[in-house]
Amino acid sequence: HKHKDKYKDKEHKHKDHKKDKEREKFKHGNGYLVLSDSPHLEIWSRRDQCVILRLIGLYSCYAECVTLSCLLPAFQMKSLDGKVKKEKENGFASPPHVKSEPEDDFYHSPKQEKSLKRERDDDNDSEFKPKKIKTENDKKGKKRKREAEEINQKKAKNKKGEVADGKKKAKKEPEEKWKWWEEERYTDGVKWKFLEHKGPVFAPPYEPVPSHVKFYYDGKPMKLSPQAEEVATFFAKMLDHEYTTKDIFRKNFFKDWRKEMTSEEKSKITDLKKCNFSEMSEYFKAQSEARKAMSKEEKLKIKEENERILQEYGFCIMDKHKERIANFRIEPPGLFRGRGDHPKMGMLKRRIRPQDIIINCSKDSKHPEPPPGTKWKEVRHDNKVTWLVSWTENIQGSIKYIMLNPSSRIKGEKDWQKYETARRLKKCVDRIRAQYREDWKSKEMRIRQRAVALYFIDKLALRAGNEKEEGETADTVGCCSLRVEHIKLYPENDGQEYVVEFDFLGKDSIRYYNKVPVEKRVFKNLQLFMENKEPDDDLFDRLNTSILNKHLQELMDGLTAKVFRTYNASITLQQQLKELTTADENIPAKILSYNRANRAVAILCNHQRAPPKTFEKSMQNLQTKIDAKRDQLSDAKRELKSAKADAKVRKDEKSKKAVETKKKAVQRIEEQLMKLEVQATDREENKQIALGTSKLNYLDPRISVAWCKKWGIPVEKIYNKTQREKFAWAIDMADEDYEF
DNA sequence: TTCATTACTTAGGAACACGCGG
DNA sequence: CCGCGTGTTCCTAAGTAATGAA
């Protein structure tokens, strides 16, 4: 497919160029037939019968019509000049309206400079603010620096106070209380001014297996060279996995393994089937058992060592603040296992050495030292990027990075900005929808395809679907890369008209299956797109993500295909929460409602998971618990009854008290039962759905925080510790009437 | 302008830790 | 107190989209 696209693009380029030349000729009366000469529209025909339209005005553009049926309306347009105007308004004149929006903000925001918080909100709206503000940037920079210094001073104070105050206070406060969201942001592409870190932690070196653990080839024990042995252990460790039985996996592994062998080994070991790794495999199993059975002291020791490494390598200083690093450990060598049907599964992922590593830090920082006797590949000082360390991985040749934790300023700001963009989309989504509906009728194929694809992205929250290189990765698609074979059209299905059935593998080879009724126009268009195509042809052959995103960029500043996913996810959560939450319910029931709203989003975004292996069992366990609780409840009720009867007869204080106690017991048990039942429902509904992904990446956390505040639900019930760290900005700034 | 490269976000599953009930 | 199951954290693959070089 990629190949085909390349071909097409070249063709386009060629044509565009030609068109200009032809127009020149036309201007000079070089033998072209003028079909229209209205002030809004030029229509002229080439010798090859193609008709070229040119709309004139601010947004002048060319369109090529290749069929006669397109020509007829064009003539009609000519005769009715008014209609031409109308067409123009609908089709091409709208972008200026959209474009003016951010400019409005731009003129407003400087006036709001004084209020820090307000101004920042707007800052998000106009990220591309021109360099005019440069002087202000400087100010901002200084401000940032000043504030950072203040905090540093506080730190110093705290340190002094440590002796008296005790460690807790001094250690925790400065970092946890830094509210970066109340400070100015860099606006000129600079990501930081100061960055210092200790570099990565390398994978532990290979430890050869003891000599009594043998590898057998063709039934005979064979001592392997350390390099070959290491790769063999990678395979041995995976022996239980299903994919060591897969052909591609075995083939790739064997090929890469042989590369590590000595020539002697290479000549001996020629067939993977004759290799016996079982002793190695047993050895590793025994080792992991031993690790589990370790004494508390030993475990504690390991834990402490890990903590020490975390303290040393797990943090960096960025702009005077200590920030947590996400993945400071280099990926250890092993066998690559891509997801789905990956053509490269089983290949050897090589060990990363210091000479593979690029370090990024600021010039005036203390550079990290490479391990003794080694060198870094490079030390650079690029403050336009956020990564600290990078290296090139050998499977796909892509670059891997060490970056900061989601709780860091640099990630948090970006996350916040993402939701602000989605909120801006909310303001103009109606117009964009109206426009793509209009575009379904366009005379141009590429515009119709673009409009239909955008409709899918909006309605079904599909991913954009970049092209991928064939044979390098699993065959998965997104919207723009859908192929004819991935959809089926039903003029009628189960009593619904114009149903489209989607069935394809998306990101991570997760299946997307959905049957959706669509509008008639969309349906007809799809039929048109599929005409005369093979199943493996692109559905949208005149579209790719870059064309689509370029178009979206014109509709709204900062708009790309993925913004629709964020927008639709967040707006769905907000609307579902409104719908599902009832005031008189207790907290567990409200949380069930929240989870249900979350679930609606996860379903929309197709976030699936493999049903947990223990699912059935744990469901049964829960049911047993519920049954037991029911019994307990009826017992308690019976006791209450008899206590009441008793109280009626005796009429003394003691028996009255007993009634009260029993009543409370019944109430308590009822509540517990209710809780269990809610839990069961929640779990059942969640069998194949993963909530985490949407919660972490798509749902504006301020919606959840506002919901918690509104209904008096502790935010801890919705977000765990890590999530609260990531969303600290939202927890701090959203109040109960926050509207997405 | 185009294409490849680079940077950064999103994703599911495995490993791990920890709390709860027996 | 222990074992088990679950929630959390880690891991890194696989996307999207911006950037940069030709």
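Every value quoted in this text rests on a predicted model; they were computed, and no experiment measured them. Naming convention: chains lettered A, B, ... in sequence-line order (proteins, then strands); numbering from 1 in each chain.
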Query raised in the report: Does A/E312 pair with A/K198 as a salt bridge, N-O distance under 4.0 Å?
Result: yes
Query raised in the report: Charged N to carboxylate O below 4.0 Å: is that the case for A/E305 and A/R308?
Result: yes
Looking across every strand, which nucleic acid part, if any, lies under 4.0 Å from [X] by heavy atom: base, sugar-phosphate, or nothing?
| X | result |
| --- | --- |
| A/A326 | nothing |
| A/P332 | sugar-phosphate |
| A/G692 | nothing |
| A/N549 | sugar-phosphate |
| A/T473 | nothing |
| A/K349 | sugar-phosphate |
| A/K191 | sugar-phosphate |

Query raised in the report: If an axis is fit to five pairs at each end of the helix from B/dT1-C/dA22 to B/dG22-C/dC1, what is the angle between the two, to the nearest 10°?
Result: 20°
Query - Note, A/I399 side chain near A/W387 side chain (heavy atom, < 4.5 Å) - result: no
Hey, what do you get for [atom1] ([X]) to [atom2] ([Y]), rounding to the nearest 0.5 Å?
| X | Y | atom1 | atom2 | result |
| --- | --- | --- | --- | --- |
| A/L543 | A/R450 | CG | CZ | 8.5 Å |
| A/R446 | A/L548 | CZ | CG | 12.0 Å |
| A/F249 | A/L335 | CZ | CG | 5.0 Å |

Can you tell me the distance, in whole Å, between the [atom1] atom of [X] and the [atom2] atom of [N]?
| X | N | atom1 | atom2 | value |
| --- | --- | --- | --- | --- |
| A/F328 | C/dC11 | CZ | P | 8 Å |
| A/I352 | C/dT12 | CD1 | P | 11 Å |
| A/N598 | C/dG7 | CG | P | 14 Å |
| A/N360 | B/dA7 | CG | C1' | 12 Å |
| A/I330 | C/dC11 | CD1 | P | 12 Å |
| A/N405 | C/dC10 | CG | P | 8 Å |
| A/N394 | C/dA13 | CG | P | 10 Å |
| A/E467 | B/dT2 | CD | P | 13 Å |

[Y] and [X] aromatic ring geometry - parallel, tilted or perpendicular at 30°/60° bounds:
| X | Y | result |
| --- | --- | --- |
| A/W376 | A/F202 | parallel |
| A/F253 | A/F235 | parallel |
| A/F504 | A/Y512 | parallel |

Contact under 4.0 Å: [X] side-chain N or O vs [N] OP1/OP2:
| X | N | answer |
| --- | --- | --- |
| A/T476 | C/dG15 | yes |
| A/K468 | C/dG15 | yes |
| A/N720 | C/dT8 | yes |
| A/N327 | C/dC11 | no |

Query raised in the report: Run the salt bridge (Lys or Arg N to Asp or Glu O under 4.0 Å) check on A/E725 and A/R324 step by step: do they pass?
Result: CA-CA 11 Å; A/E725 277 167 17; A/R324 178 89 190 268; 5.5 Å; no
**Report entry** Residue closer to the 5' end of DNA chain C, A/E331 versus A/Q723 (nearest nucleotide)
**Finding:** A/Q723
Requested in this report: Verify whether one side chain among A/T386 and A/K411 offers a donor that lies under 3.5 Å from an acceptor in the other.
Outcome: no
Query raised in the report: Regarding A/Y186 and A/N383, is there a side-chain donor-to-acceptor distance under 3.5 Å anywhere?
Result: no
Report summary line: Protein heavy-atom contacts under 4.0 Å, written 5' to 3' over nucleotides 17-22 of chain B as B (base), S (sugar-phosphate only) or - (none), form the string -S----
Report summary line: Protein-proximity profile, nucleotides 9-15 of chain B, B/S/- by nucleotide at the 4.0 Å heavy-atom cutoff, equals SBSBS--
Report summary line: Picking from C/dA14, C/dT12, B/dA7, the nucleotide nearest the side-chain atoms of A/K400 would be C/dT12
**Report entry** Nearest listed nucleotide, side chain of A/R329, among C/dC11, C/dA13, C/dT16
**Finding:** C/dC11
Requested in this report: Determine yes or no for a side-chain-to-main-chain donor-acceptor pair under 3.5 angstrom, with A/Q723 supplying the side chain and A/N720 the backbone.
Outcome: yes
